[in-house]
Amino acid sequence: MTETAGLYIHVPFCRGKCDYCSFYSEPVLPGDSVLKEYSRRACEEVLFSASLWGKRTIDTVYFGGGTPSLFGGDVVSEILSCTGVCHSLLPGSEITLEMNPHDVTAHNIESFVAAGVNRISLGVQTLNEIHHRTIGRTGRCCTVRDLETFFSVDGYARCIDIITGIPGQKEKELLNDLETVTSFRPEHISLYLLSVEEGTKLHKRFVPGDEFDKEQEMLWDFSIEFLKSKGYIHYEVSNFCLPGFSSRHNMKYWQYDPYIGIGPGAHSFMNNRRYHLSPSVNEYLIGDRFEYIFDERKEYDELIEFVMTGIRCMDGFSPADFTKKTGGNFPGSVTDRLNENVRRGYLASRSGRYSVTDKGLKILNRLTFSILEDIL
Ligand code: SF4
């Protein structure tokens, strides 16, 4: 039986550019005709993906971006119908849409739910006006009123994105954000540590140093402990959920499962091959073909990706899974490194799986590097 696959619909449009953002996006306003044009082209690409990989059984769809909530429910419905025709969309599929606080109205949410969306991820980031300005996020700051509206509609799983480690952010201010958000009992919370990337507007006015790194580490540890104390399961480095509400779509990225990405800059992983289109909406709209760029694969790339993503999941990964998914052998030298880190307390080992411990989580990047050192 062919494996199920995820479908990622990239929506590279935003109202403006946030100062901390290093992703590609084009500025548009809601209702702009380019959104319709884009969805028509996205449907053509969905059709093309079926000619490339055959009709696949899709069990997760994720509208991400960018700002997918700039699409109306009608556009989402059109793309889902076309997915159901070109591929096979399993009943009970997880269908997620990312939403900007600007678009939170009961009417909008209901129209997305009516279109088939059953999981909405709200980019709250912070409820604090000053921090909202510090990171230069476009649009207005999310309010408690927005949260009340967001939680007033039924029929979908509520997910919240929070950014922590903002310059000048105090523990009690972060606590206020986290207490407010968790008081609504969202089924899922994603917690991101602010990354100040070179080339962003934020980096021009704030360059992180050692002191900032320490403050970020403290806020990060504090947030994790707080969310766990509220009954959230820490199932992936940046993700927390109530029982039964982990992101099935994102698990595909972390567990080396296949997914088809649609749109300029969206990445795909099919038949152990990775590919993407160049990130240009203009080229995407005027082109009559889809010129995919396939990644060149070197000897250990599969293994490196498998370990780097698997180690992010709190229930870890197993060398046997690597062989099952890729047909490749898990090298003995890497298994030795894993066992060495079990002895040092950075990893735990149970039933053939290796998972990161609290001690290992604090040095995750260094730990991953040390496991893969011989093959990098
Ligand atoms: S809304 Fe998100 S994707 Fe758009 S500019 Fe801001 S951070 Fe970037």
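Each ligand, and each atom within it, is numbered from 1 in the order the structure gives. In what follows, every heavy atom counts, from backbone to side chain, and hydrogens, waters and symmetry copies are set aside.
- Of the protein's non-hydrogen atoms, C21 SG, 2.3 Å is the one closest to atom 8 (Fe) of ligand 1.
- Not less than 6.0 angstrom separates the ring centroid of F112 from the ring centroid of Y156.
- Using 4.0 Å as the threshold, G123 has no heavy atom nearer than that to any atom of ligand 1.
- Scanning all protein heavy atoms for the shortest distance to atom 7 (S) of ligand 1 gives Y20 OH, 3.5 Å.
- Taking every non-hydrogen atom of G16 and a distance limit under 4.0 Å, the qualifying atoms of ligand 1 come out as 5 (S).
- Scanning all protein heavy atoms for the shortest distance to atom 6 (Fe) of ligand 1 gives C18 SG, 2.3 Å.
- Between R41 and E44 a salt bridge is recorded (basic side-chain N to carboxylate O distance below 4.0 Å).
- Nearest to atom 1 (S) of ligand 1 by heavy atom, out of K17, R137, E98, is R137.
- Applying the side-chain contact (heavy atoms from CB on, under 4.5 Å) test between F63 and each of T96, L80, L7 identifies L80 as the sole match.
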### Message
As a quick check of understanding, evaluate ring-ring contact (aromatic ring centres under 6.0 Å, His included) for H188 and Y235, giving each step before the final call.
### Response
CA-CA 11 Å; H188 192 278; Y235 73 97; 5.6 Å; yes
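- When the options Y259, Y292, F290 are evaluated for a ring-ring contact (aromatic ring centres under 6.0 Å, His included) with Y275, the one that passes is Y292.
- Residue contact annotation: C14 places an N/O/S atom under 2.8 Å from atom 4 (Fe) of ligand 1.
- A donor-acceptor contact closer than 3.5 angstrom links the side chains of T143 and D146.
- For ligand 1 and G66, the ligand atoms under 4.0 Å from any heavy atom of the residue are 3 (S).
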